[in-house]
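Below you'll find the structure, written out as C-alpha cells, and then a few comments.
Letters go in sequence order (proteins before strands), and every chain restarts at 1.
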Amino acid sequence: MENLSTRYTPKDVEDKWFKIWNEKGCFHTESSPNKDPYCIVIPPPNVTGILHMGHALNNTLQDILIRYKRMKGYNSLWVPGTDHAGIATQNVVERDLAKEKKTRYELGREKFVERMWEWTGKNGGKIIEQLKKMGSSCDWERERFTLDEGYSEAVNEVFVRLYNEGLIYKGSYIINWCPRCQSALSDEEAPHKEVQGNLYYIRYPLRKKPETGNQKPDYVVVATTRPETMFGDTALAVNPNDKRYKALIGKKVILPIAERELEIIADDFVDPEFGTGVVKVTPFHDPNDYEMGNRHKLDGILCINPDGTMNANATENYDGMDRFEAREALIEELKERKLLEKIEPHTHSVGHCYRCHTVIEPYFSEQWFVRMKPLSGKALEEVEKGNINFYPRRWHKIYVNWMENIRDWCISRQIWWGHRIPVWYCKNCYDKYLKNRHAQRLKLPLEISDKETGIIHVGLDKPRKCPDCGSQEIFQDPDVLDTWFSSWLWPFAVFGWPFNEPSAISHQPSAEKKVLNADLEYFYPTSCLITASEIIFFWVARMIMSGLKFMGKIPFSDVYIHGTVRDDKGRKMSKSLGNAIDPLEVIEKYGADALRFSLISIPGEDLYLSENKFEFGRNLMNKIWNASRFIIMNLEENKPQDISFKDIEKLLADGDSYLAEKWIISELNQLILDIDEAFGAYRFYEAASKLYDFFRHKFCDWYIEIAKIDIKDEVTQSVLLVCLKTILKLLHPYVPFITEEIWQKLPAKEEELITTSSWPGADKKLISEAAGEQFDSIKEIVLKIRNEGLKFRVKHTVRISTNHPGLIDLLNTYKKYVEKLTHLKVELIVPSKEVIKEAVGSKVAAMSASIYIEGGLKDFGIERARLKKEIEKINEEILKTDNHLKNKGFLNKAPEKAIEQMKKKKVEFEIRRQSLKKDLEELA
RNA sequence: GGGCGGUUGGCGCAGUUGGUUAGCGCGCCACGUUGACAUCGUGGAGGUCACUGGUUCGAAUCCAGUACCGCCCACCA
C-alpha cells in the first residue's frame with residue numbers, strides 16, 4: 001500500500017469489486033430455515049427511467065440497510081426490478097414514431113406492442129445498469145419486470161378475483177381525461193395546480209320576458225371558467241333558498257348560440273355567494289354537474305372529443321376546433337352578441353396530467369373502477385394499530401387522512417402498453433347496447449348492467465360464443481390496466497404469487513413458480529419499504545391494501561419516506577427545470593462512495609444539493625484512504641490473524657498504561673452501540689455523522705497522532721488494526737467500494753470479503769468512563785496549550801502545575817501525549833501540599849491545572865483581554881448558579897439531583913475562575 | 001375549505017421525558033510545508049433559540065395566541 005498514491009482513485013476500484021461480488025454470489029439469497037430473513041423490494045423504476053438524484057438517494061438508503069442487515073447475519077434480500085410505466089413508456093415510443101411521421105393507429109395494435117417490446121428490450125435495462133454503478137447489492141438473479149409473464153398472471157388473477165367479488169366494476173362517470181395521452185387517469189394521476197384563469201359572466205336569455213315592467217333584465221347571468229363547455233349544458237341551477245332567483249326556478253332560458261332550451265333548477269349544491277349564484281349544469285364535463293344531473297334526471301351532452309377538440313354539439317362553427325381556441329372564439333362571439341357581461345381574473349385549481357402536464361378535461365366516459373372502501377378499512381386499521389410504522393412519523397397522519405377519504409380507483413387506460421383487461425364482449429350484444437346508447441346524449445342517472453353492455457366473460461380465455469345470442473364474434477376489452485394496478489402487487493408478485501392457491505384464472509403453476517413460492521412464504525411480509533412521499537398514495541397505500549387482501553398480511557412493517565432532492569435554491573431538482581445534477585457524472589468525477597456518503601451527510605429532510613456538496617464525500621474517502629494507508633504501512637507483518645475485542649481486553653487489562661488505547665477502544669464500542677441504535681430508528685444521517693466524527697476527529701486527529709509516539713508498540717499496533725477493521729466494517733454499508741478495496745490490503749484478516757463479513761458487536765466491558773474522563777483531562781490541557789497560539793516550530797517548554805494528585809499521576813505517565821500533540825516540551829511542577837484541596841473529580845481538576853508557557857504567549861494585551869472576557873462570563877454563570885441556590889423555591893421543589901448538579905457546577909466555575917485569575921496575574 | 005409540519009449564528013440542521021457556559025456540518029477569518037492526508041491540520045469570530053402572554057423554583061424545550069414559511073388533500077362553478 002505504501003507504493004500507492006496519496007489520492008484515492010475510485011475508478012480503479014468500483015467496477016472491479018462489483019463484478020467480483022456478483023461472481024461470488026454475495027448478493028444472492030435463498031430461503032433457509034436457520035436464518036432470519038430481511039427483505040426489501042425496490043420501488044421499481046420506470047423502464048424509461050434514467051438515474052436521477054432521487055433514485056441515487058433512494059437506492060443508497062436501501063443498500064445501506066440491506067448491507068447492514070447482511071452483515072448482521074440476516075438473510076438479506078433486496079429484490080430488484082422495473083416497472084413497465086404504461087403511459088410514460090408509450091409516450092416515448094409514440095414520439096419516436098412521430099419522427100417517422102407515423103401514429104400508433106397506422107401501425108396497429110399488434111405491431112405497436114411489438115415495437116414497444118423492442119424498445120424495452122433495448123432501453124429498459126439502462127436504469128438497472130445505472131443502479132449497479134452505485135453499488136446496489138440487489139439479488140440480480142431475481143430481477144422482475146411488471147410485464148413479465150409470471151407477473152402478468154398475478155395481475156390477471158387479481159382482476160378476476162376482484163371482479164368476481166364485485167370489487168371491480170365498469171361504470172360511467174366523470175373521470176380525468178388527458179386529451180394529449182388520450183386516456184383516462186386516476187385522481188392521483190391528475191394533480192391539481194393553481195392556474196390564473198378568468199371567470200366569464202355570460203348572459204342566458206330568458207325564454208319569456210318578465211311580465212312586470214322593464215326594470216328587470218330579460219336574462220340571467222352565469223359565471224363560468226370554462227365557457228366552451230356550455231354546449232354541454234342541460235340546465236341552470238340556483239340555490240333553493242336564494243331569494244334573488246326564487247321566482248326563476250322552473251323557468252326556461254335559451255342557451256346562447258346553440259339556441260337550446262334549459263330549465264332553471266334548484267339545488268343545494270349551488271353556493272349563492274359565488275359568482276352570480278347561478279350555475280350552468282354540464283353533467284358530462286363536470287363531476288358536480290354530473291351528480292346534479294343524476295339528482296334531477298337531466299340529460300348529459302358531450303361536446304368535446306377525446307382529443308380535446310369540440311364536437312358537432314358545439315355547433316358547426318366550433319366543431320373540430322381545439323377546446324382552448326374555441327374558448328377564445330366563443331368569447332368573441334358572445335361579446336359581439338352582447339351576451340358577455342364581464343370577464344374577471346380568477347385563480348382556480350385545475351387538474352393536470354402527471355405525465356405530460358396537459359390540462360385535464362373532466363370527461364364522462366365508461367371506465368373500470370376498483371371499489372376502495374372495502375379494501376381501505378383493514379389497511380387503515382393496521383397502520384393505526386401500529387403494525388405498520390411510518391418514518392418520519394408525520395406521514396402516518398397523511399396516510400390516515402387520505403385513507404379515510406379514499407375514493408374509487410379508475411384503473412382502465414386507453415393505451416396499448418400494459419396488461420390488457422381480461423374481459424370479453426359479444427360484438428353483437430355490444431353493438432346493440434351502443435345503438436341504444438346515443439353516444440353523445442344520455443338520460444341520467446345511468447344504470448346499466450355488465451350484461452347489457454355485452455360483457456360475456458371475465459377471465460383469460462376467450463369464449464367460443466356468446467351464451468346469450470350465440471354469436472361467435474367475441475372481442476377483448478381494448479383497454480389496459482393502470483400501471484399501478486400491477487405495481488400494487490409488487491411485494492408478493494415478485495415471488496411468483498399465486499400458484500398454490502386455487503386460481504381464478506386456472507393456470508398451471510410452472511416449476512419456476514414453485515421455487516419462488518417457497519421464497520414468498522419465507523420473505524413475505526417484507527421488512528421495510530423505502531420510498532419518496534410522492535408515491536405514498538399511488539403505491540404504498542395500495543400495496544398495503546392488496547397485501548392484506550390477497551396475502552392476508554401486511555406487506556411490510558416499516559415505511560421510510562425520504563426527502564426530496566432540491567437544488568441549492570430549494571427548487572425541486574428536475575430535468576425540465578434544468579437544475580438537475582446527474583448522479584452518473586458525480587460518480588465519474590468523485591466516485592460512487594463519495595456520492596453515497598455525501599447524500600447521506602446532508603442534514604434535514606429535503607436535500608439541498610449543489611455540485612460542491614460531493615466534495616465532502618470525496619474528501620472523506622481520501623482521508624479514509626490515507627489513514628488506512630498509514631496504518632497498513634506501519635503494521636508489522638506478523639500481526640495475529642484475528643484481532644478481536646476480546647484480545648484487546650486482555651492487552652489493555654493493565655491498569656496504568658495505554659490510556660489513549662483504552663479511550664479510543666471505549667469510544668469505538670460506544671460508537672457501535674450508537675450506530676445500531678440509529679439504524680434501528682432509520683436515522684441514517686445521525687449514524688453517518690457519528691461515524692464521521694469518530695473517524696475524523698477522534699481516531700485520526702487524536703488517536704493516530706498519539707499512536708505515532710511509538711507506532712511499533714505491539715499493543716498500539718493491535719489497537720490500530722482493530723480500529724481500522726471495525727471502522728471499515730461500520731463504514732461499509734455507506735461506502736462499499738473503498739472499504740472492500742482497503743479490506744483486501746489488510747495484512748491480517750479472517751474474513752475474505754468485507755461485503756460478506758460480520759457486523760462488529762460492541763463489547764460493553766471495553767466502554768470505560770474512567771478512561772474517557774482521564775483522556776478528557778489530557779485533551780483539555782492540550783487544547784489550553786494550543787489556545788496560547790504558539791508557533792509550533794519554535795521549541796518551547798510548557799510548565800504545568802496542578803493541585804490534583806490524580807492529575808499529577810496522569811501527567812507523569814502521559815506527558816508524552818501532550819508533547820506529541822502540541823509539539824512542545826512539557827515540564828510538570830508539583831505544587832506544595834497545601835494547594836491540593838479541591839477534589840471534585842478529575843474533570844474539575846484538569847481545569848484547575850495552571851499552565852505556564854515559557855517564551856511566547858502570542859500577545860499579552862490580547863491574552864489579558866481574552867482572560868478578562870472569560871472571567872466576566874464565568875462571573876455571570878456563578879451569579880446564575882448562586883441565585884438558584886439561594887432560591888427557596890428551587891431548594892424545596894427541585895429534585896435532589898438537580899440541586900447537587902447545581903452545587904457541583906458552582907464549584908467547577910469557582911475553580912475555573914480561580915485558575916483564570918491566576919493566569920491573569922501571571923501576565924501582569 | 002379541510003388536514004399536517006416548520007420558524008435555533010450567513011446557509012443546512014441537532015437539541016431525547018423542561019435543569020450542560022445552546023451543539024454539528026458547510027461557509028467565513030487567522031495561522032501552519034509537525035515523518036498518512038493541503039481532497040490536510042490548528043485556532044477563532046458569529047446565536048437575547050420568530051413574536052406576545054401563560055404554566056413552573058427553572059422554558060429553545062410545555063400551553064395559548066400572533067406573524068411568516070412550507071407540505072398534503074378537496075367537486076369554489
Side-chain angles (χ1 to χ4, degrees), chain A residues 1-2 6-8 174 187 191-192 199 222-226 229 237 269-271 273-282 286-291 346 348-349 362 392 394-402 404-405 533 536-537 564 568 570 590 594 601-608 612-613 615-634 685-686 689 692-693 700-701 704-705 708 711 783 786-789 791-793 820-823 858 870 873-874 876-877 880 883-884 887-895 897-899 901-902 905 908-909 912:
Chain A
M1 200 148 177
E2 55 262 55
T6 59
R7 293 286 163 87
Y8 170 61
I174 299 286
D187 295 334
H192 284 241
L199 202 49
V222 172
T224 177
T225 53
R226 292 189 298 154
T229 62
F269 165 77
V270 181
D271 173 9
E273 304 293 314
F274 190 91
T276 59
V278 187
V279 124
K280 63 197 260 314
V281 184
T282 321
D286 185 281
N288 293 312
D289 295 2
Y290 184 72
E291 292 306 320
H346 178 67
H348 59 139
S349 189
R394 5 186 267 288
W395 298 107
H396 170 106
K397 290 181 185 169
I398 290 171
Y399 170 92
V400 167
N401 187 264
W402 185 79
E404 281 173 344
N405 298 301
S533 59
I536 292 180
F537 308 135
T564 308
D568 47 4
Y590 302 101
S601 298
I602 292 167
E605 209 162 304
D606 285 355
L607 285 79
Y608 293 70
N612 59 5
K613 287 265 160 62
E615 287 170 11
F616 178 83
R618 180 204 54 184
N619 296 355
L620 180 67
M621 293 313 112
N622 200 244
K623 184 87 179 171
I624 292 169
W625 179 255
N626 279 295
S628 307
R629 198 172 129 257
F630 174 73
I631 292 168
I632 292 166
M633 249 159 49
N634 284 290
Y685 167 80
E686 188 184 309
S689 82
Y692 178 87
D693 181 58
C700 291
D701 293 350
I704 290 187
E705 289 310 310
K708 285 175 184 170
I711 192 109
L783 292 176
R786 282 175 177 171
N787 255 326
E788 304 292 335
K791 301 241 183 283
F792 288 138
R793 56 172 177 267
K820 177 70 193 172
L821 292 162
T822 60
H823 306 277
K858 45 186 169 185
E870 202 172 330
K873 224 162 116 190
I874 298 270
E876 272 172 42
E877 290 304 322
K880 265 196 234 170
N883 285 342
H884 268 106
N887 187 329
K888 271 186 211 147
F890 177 71
L891 295 172
N892 290 335
K893 291 184 185 172
K897 218 175 104 192
I899 297 170
Q901 249 173 27
M902 195 60 72
K905 209 158 90 179
E908 285 180 20
F909 282 136
R912 174 109 204 181

(request) Could you tell me how the ring of A/Tyr8 sits relative to the ring of A/Trp625: parallel (under 30°), tilted (30 to 60°) or perpendicular (over 60°)? (result)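 Plane angle between 30° and 60°, so tilted.
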
Name the closest nucleotide to the [X] side chain, picking from [options].
{"X": "A/Leu783", "options": "B/rG43, B/rU20, B/rC37", "value": "B/rG43"}
{"X": "A/Glu877", "options": "B/rU21, B/rG41, B/rC37", "value": "B/rU21"}
{"X": "A/Lys623", "options": "B/rC40, B/rU21, B/rU39", "value": "B/rC40"}

(request) Report the residues that fulfil ring-ring contact (aromatic ring centres under 6.0 Å, His included) with A/Phe616, sequence neighbours left out, ordered by chain and then residue number. (result)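 In terms of ring-ring contact (aromatic ring centres under 6.0 Å, His included), with neighbours along the sequence ignored, A/Phe616 is linked to A/Tyr692.
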
When you compare [N] with [M], how far apart are their [atom1] atoms, in angstrom units rounded to a whole number?
{"N": "B/rC62", "M": "B/rA36", "atom1": "P", "value": "49 Å"}
{"N": "B/rU8", "M": "B/rC69", "atom1": "P", "value": "15 Å"}
{"N": "B/rG6", "M": "B/rU21", "atom1": "C1'", "value": "28 Å"}
{"N": "B/rG18", "M": "B/rA64", "atom1": "P", "value": "16 Å"}
{"N": "B/rC63", "M": "B/rA77", "atom1": "P", "value": "38 Å"}
{"N": "B/rC68", "M": "B/rC24", "atom1": "C1'", "value": "27 Å"}
{"N": "B/rU16", "M": "B/rU7", "atom1": "P", "value": "12 Å"}
{"N": "B/rG3", "M": "B/rA74", "atom1": "P", "value": "15 Å"}

Write down the atom of [X], the atom of [Y], and the distance for their closest heavy-atom approach.
{"X": "A/Ile624", "Y": "A/Ser628", "result": "O-OG, 2.7 Å"}
{"X": "A/Ala627", "Y": "A/Ile704", "result": "CB-CD1, 4.2 Å"}
{"X": "A/Lys280", "Y": "A/Val222", "result": "N-CG1, 3.6 Å"}
{"X": "A/Thr282", "Y": "A/Asp289", "result": "N-OD2, 2.7 Å"}

(message) Going by the rule side chain to side chain contact (heavy atoms under 4.5 Å, CB included), which residues pair with A/Lys893 if we only count those two or more places apart in sequence or in a different chain?
(response)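 In terms of side chain to side chain contact (heavy atoms under 4.5 Å, CB included), with neighbours along the sequence ignored, A/Lys893 is linked to no residue.
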
(request) Quick one: list whatever passes side chain to side chain contact (heavy atoms under 4.5 Å, CB included) with A/Asp693, sequence neighbours left out. (result)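 Scan of A/Asp693 (side chain to side chain contact (heavy atoms under 4.5 Å, CB included), adjacent residues dropped) gives A/His697, A/Lys698.
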
(message) Strictly distance-based, threshold 3.5 Å: is any side-chain N or O of A/Asn622 a donor or acceptor partner for the main-chain N or O of A/Arg618?
(response)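 No, because the side chain of A/Asn622 does not come within donor-acceptor range (under 3.5 Å) of the backbone of A/Arg618.
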
Listed pairs, N/O of protein and of nucleotides 1-5 of chain B, under 3.5 Å:
| unit_1 | atom_1 | unit_2 | atom_2 | d |
| --- | --- | --- | --- | --- |
| B/rG5 | OP1 | A/Lys397 | NZ | 2.8 |

Nearest whole Å is fine: how far is [N] [atom2] from [X] [atom1]?
{"X": "A/His823", "N": "B/rG32", "atom1": "NE2", "atom2": "C1'", "value": "10 Å"}
{"X": "A/Ile624", "N": "B/rC40", "atom1": "CD1", "atom2": "P", "value": "12 Å"}
{"X": "A/Arg629", "N": "B/rC40", "atom1": "CZ", "atom2": "P", "value": "14 Å"}
{"X": "A/Ile704", "N": "B/rC40", "atom1": "CD1", "atom2": "P", "value": "15 Å"}
{"X": "A/Lys893", "N": "B/rG19", "atom1": "NZ", "atom2": "C1'", "value": "16 Å"}
{"X": "A/Leu821", "N": "B/rG41", "atom1": "CG", "atom2": "C1'", "value": "12 Å"}
{"X": "A/His884", "N": "B/rG19", "atom1": "NE2", "atom2": "C1'", "value": "7 Å"}
{"X": "A/Asn622", "N": "B/rG41", "atom1": "CG", "atom2": "P", "value": "11 Å"}

(request) Under 4.0 Å between any heavy atoms, over every strand shown, what does A/Pro362 touch: base, sugar-phosphate, or nothing? Just pick one. (result)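 No contact.
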
(request) Would you indicate what A/Glu615 reaches in the nucleic acid, counting non-hydrogen atoms under 4.0 angstrom: base, sugar-phosphate, or nothing? (result)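 If one applies the 4.0 Å heavy-atom cut-off, A/Glu615 turns out to touch nothing in the nucleic acid.
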
Between protein and nucleic acid, restricted to nucleotides 9-13 of chain B and to nitrogen or oxygen atoms under 3.5 Å apart, what atom pairs and distances do you find?
| unit_1 | atom_1 | unit_2 | atom_2 | d |
| --- | --- | --- | --- | --- |
| B/rG12 | O2' | A/Pro603 | O | 3.3 |

N/O to N/O distances under 3.5 Å, protein versus nucleotides 74-77 of chain B:
| unit_1 | atom_1 | unit_2 | atom_2 | d |
| --- | --- | --- | --- | --- |
| B/rC75 | OP1 | A/Arg407 | NH1 | 3.3 |
| B/rC75 | OP1 | A/Arg407 | NH2 | 3.1 |
| B/rC75 | O2' | A/Asn288 | ND2 | 2.4 |
| B/rC75 | N1 | A/Asn288 | OD1 | 3.2 |
| B/rC75 | O2 | A/Asn288 | OD1 | 2.1 |
| B/rC75 | O2 | A/Asn288 | ND2 | 3.1 |
| B/rA77 | OP2 | A/His346 | NE2 | 2.8 |
| B/rA77 | O3' | A/Thr225 | OG1 | 3.4 |
| B/rA77 | N6 | A/Asp271 | N | 3.3 |
| B/rA77 | N6 | A/Asp271 | O | 2.5 |
| B/rA77 | N1 | A/Asp271 | N | 3.3 |

(request) Please determine if a side-chain N or O atom of A/Asn619 lies less than 4.0 Å away from the OP1 or OP2 oxygen of B/rC40. (result)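 It does, given that an N or O in the side chain of A/Asn619 lies less than 4.0 Å from OP1 or OP2 of B/rC40.
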
(request) Indicate whether OP1 or OP2 belonging to B/rU34 is found under 4.0 Å from a side-chain N or O atom of A/Lys708. (result)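 No, A/Lys708 has no side-chain N/O under 4.0 Å of OP1/OP2 on B/rU34.
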
(request) Answer yes or no: side-chain N or O of A/Arg786 and base N or O of B/rU42 forming a donor-acceptor pair under 3.5 Å. (result)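 No.
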
Partner lookup for [N], please. Criteria are Watson-Crick or G-U wobble with both distances under 3.5 angstrom; report none if nothing qualifies.
{"N": "B/rC4", "result": "B/rG70"}
{"N": "B/rU42", "result": "B/rA30"}
{"N": "B/rC62", "result": "B/rG54"}
{"N": "B/rC75", "result": "none"}
{"N": "B/rG18", "result": "none"}
{"N": "B/rG9", "result": "none"}

(request) Count the heavy atoms belonging to other residues, nucleotides or ligands that lie under 6.0 Å from NZ of A/Lys708, then report whether that count exceeds 12. (result)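 Yes, because the 6.0 Å sphere around NZ of A/Lys708 holds more than 12 heavy atoms from other groups.
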
(message) Distance alone, cut at 3.5 Å: any donor-acceptor contact between the side chains of A/Asn883 and A/Asn887?
(response)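 No, no side-chain donor-acceptor pair sits under 3.5 Å.
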
(message) Let's go through A/Glu605 and A/Arg394 carefully: what are the C-alpha distance in whole Å and the side-chain angles of both, what is the deciding distance for side-chain contact (heavy atoms from CB on, under 4.5 Å) to 0.1 Å, and is it a yes or a no?
(response) CA-CA 12 Å; A/Glu605 209 162 304; A/Arg394 5 186 267 288; 3.0 Å; yes

(request) Please examine the side chains of A/Ile602 and A/Tyr608, heavy atoms only from C-beta on, and report whether any two atoms are closer than 4.5 Å. (result)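 SC-SC contact between A/Tyr608 and A/Ile602 ruled out.
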
(message) Quick check on RNA chain B: between A/Trp395 and A/Ile631, whose nearest nucleotide comes earlier from the 5' end?
(response)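 Its nearest nucleotide being more 5', the pick is A/Ile631.
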
(message) With a 4.0 Å cut-off on N to O distance, would you call A/Glu876 and A/Lys873 a salt bridge?
(response)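 A/Lys873 and A/Glu876: not salt-bridged.
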
